[in-house]
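First comes the structure, then the notes that go with it.
Atom set for the values below is all heavy atoms of this structure, side chains included, hydrogens, waters and symmetry mates excluded.
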Amino acid sequence: MLTIASCEKKTPQPAAPAATPYNLVLPTQLPQAVILPTNNPMTVEGVELGRKLFYEVKLSSNNTMSCGSCHQQSKAFTDGRVKAIGVDGIAHQRNAMSLVNLLWEPNLNWDGAATSLETQARVPLENPIEMHQRLTDGVSKLQQTSLYPPLFAAAFGSSTITEDNVLKALAQFERTLISSNSRYEKSLVPGGPALTLDEQKGKILFFNHPGESGNSNARGGSCDHCHSGNNYLFTSTNFTTPGGTTQYFNNGLALSADLGRFGVTRVAADRGKFRVPTLRNIALTAPYMHDGRFQTLEEVVDHYNEHIDINTADPILLVSNPTINGSLGLIKLTATEKRQLVAFLRTLTDSTFIKDPRFSNPF
């Protein structure tokens, strides 16, 4: 039989319209100079896709967990657990970190192993203790839905879903998680709400350093040595370390099986060091420390006040807390001062951040 090829012309498919650039509005009191990856510009469609993927359970092996399971908006994107629990019911060795102001964070995770949101996202998706599914399998699930191919086409110009574009979309959404409306920040604006007397005294303790200038009677908690926040440089965005770089310290906890930063650098001096976490929304993110050992802010303050291990603590803790009343490294706050310090820490809560519909579960 003679086969005659069809001469019918195929109608070219129209190109997907270009995605809409996302207007990233930065709060005026936060640093305005941010660096976005040139290969992943933020778009309206990409951010909204990333939001859906953040809450998409199909990215887990048994379709029961999403990124939002361990990073819940009501808890400032933590989970309230001592240690995160994965799809198989196995506990992670670390506490789930808060996701906030990641736009300014040069390193991620407790040990700083990830240096971009795009690379970081793959780890919890594929980790056997976390969501326990190869990203390629997650992509296959998404491709088979009616929901996602058009969304990827709108965001990236192709309905063919790729691992790379899943990670890019997640990163775009996570860069929008900006918190800057705490009561403390409002109090700094002329005409803003005043802090209570206890909160004001707690603020002074937060920024003061006992024993400075040879004055052993000076009262203070030296908190801002690690949690800078008295200026609007990079680290005041998160009350983490000063200078715009991630820093890691042993904060006086005894060494455990989790050696922290050492697992990344293999440098002996990094044993037991962990990234300084943000204090933004700290009242909402219990339990505390990399292993969730402290249930309350009061326990955290007690640790720094009375229980740091001076044999393992980073020198910055000991230098900033010289011998006071014969006890090296202990700041010796009174019960009243500890209560005032906790009162100030509670002013770092941004109640609008945890209710912002832009960050909520779209499903």
Side-chain angles (χ1 to χ4, degrees), residues 16-27 34 36-37 39-60 63-79 84 96-105 108 114 116-125 130-131 133 135 138-139 141-159 161-181 280-281 284 350-363:
T20 310
Y22 186 87
N23 182 25
L24 184 64
V25 179
L26 303 180
V34 296
L36 298 174
N39 66 342
N40 189 21
M42 294 179 67
T43 65
V44 172
E45 294 81 1
V47 168
E48 186 55 33
L49 170 59
R51 178 183 169 211
K52 287 183 171 64
L53 293 173
F54 187 86
Y55 291 102
E56 179 52 70
V57 296
K58 290 183 176 63
L59 291 177
S60 67
N63 301 324
T64 62
M65 286 190 69
S66 69
C67 302
S69 299
C70 290
H71 300 285
Q72 301 166 25
Q73 184 180 13
S74 62
K75 297 180 177 67
F77 293 95
T78 58
D79 64 359
M97 297 194 85
S98 175
L99 304 183
V100 61
N101 294 2
L102 301 173
L103 189 63
W104 291 274
E105 289 289 359
L108 304 160
S116 77
L117 288 169
E118 286 81 1
T119 57
Q120 190 279 335
R122 182 184 292 271
V123 177
L125 293 174
E130 297 181 71
M131 294 171 72
Q133 177 173 257
L135 184 51
V139 165
K141 289 182 184 179
L142 300 179
Q143 191 73 64
Q144 294 171 34
T145 68
S146 60
L147 173 64
Y148 283 106
L151 294 179
F152 274 87
F156 297 107
S158 173
S159 60
I161 301 173
T162 67
E163 296 181 34
D164 190 46
N165 285 342
V166 168
L167 300 175
K168 285 182 175 180
L170 283 168
Q172 286 188 43
F173 170 67
E174 290 172 344
R175 290 189 173 101
T176 70
L177 300 178
I178 297 174
S179 175
S180 66
N181 198 32
R280 283 193 176 275
N281 303 302
L284 304 176
D350 178 355
S351 59
T352 60
F353 178 67
I354 61 173
K355 298 175 182 177
D356 194 321
R358 296 174 299 171
F359 310 144
S360 64
N361 188 338
F363 302 116

In chain order, what residues pass the side chain to side chain contact (heavy atoms under 4.5 Å, CB included) check against Glu163, with sequence neighbours excluded?
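Counting only residues at least two positions away or on another chain, Glu163 forms a side chain to side chain contact (heavy atoms under 4.5 Å, CB included) with Arg122, Leu135, Thr136, Val139.
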Not counting sequence neighbours, which residues clear side chain to side chain contact (heavy atoms under 4.5 Å, CB included) with Asn39? List them please.
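Expected list: Pro37, Lys168.
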Side chain to side chain contact (heavy atoms under 4.5 Å, CB included) partner of Ile178, the single match among Leu24, Leu102, Val25
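That would be Leu24.
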Grab the two heavy atoms, one from Thr145 and one from Lys141, that are nearest each other, plus how far apart they are.
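Minimum heavy-atom separation between Thr145 and Lys141: CG2-O, 3.3 Å.
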Please name the pair of heavy atoms, one in Cys70 and one in Ala96, separated by the smallest distance, quoted to 0.1 Å.
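Heavy atoms of Cys70 and Ala96 come nearest at O-CB, 3.7 Å.
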Please identify each residue that fulfils salt bridge (Lys or Arg N to Asp or Glu O under 4.0 Å) with [X], with sequence neighbours left out.
{"X": "Lys52", "result": "Glu48"}
{"X": "Glu118", "result": "Arg175"}
{"X": "Arg358", "result": "Asp356"}

Is the Phe363-Tyr55 ring centre distance short of 6.0 angstrom?
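They do not qualify: ring centres at least 6.0 Å apart.
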Phe353: ring pair (Phe, Tyr, Trp, His ring centres under 6.0 Å) partners, not counting sequence neighbours:
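Applying ring pair (Phe, Tyr, Trp, His ring centres under 6.0 Å) to Phe353 gives Phe77, Phe359.
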Derivation of the side-chain contact (heavy atoms from CB on, under 4.5 Å) call for Thr43 and Thr20
CA-CA 5 Å; Thr43 65; Thr20 310; 5.7 Å; no
Less than 4.5 Å apart, side chain to side chain, heavy atoms only: is that true for [X] and [Y]?
{"X": "Ser98", "Y": "Asn281", "result": "no"}
{"X": "Thr78", "Y": "Leu284", "result": "no"}
{"X": "Leu170", "Y": "Leu125", "result": "yes"}

To the nearest 0.5 Å, how far apart are CZ in Arg51 and OG1 in Thr176?
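It comes to 9.5 Å.
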Please check if the side chain of Asn181 supplies one atom and the backbone of Asp350 the other of a donor-acceptor pair under 3.5 Å.
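Checking the backbone N and O of Asp350 against the side chain of Asn181, no donor-acceptor pair under 3.5 Å is found.
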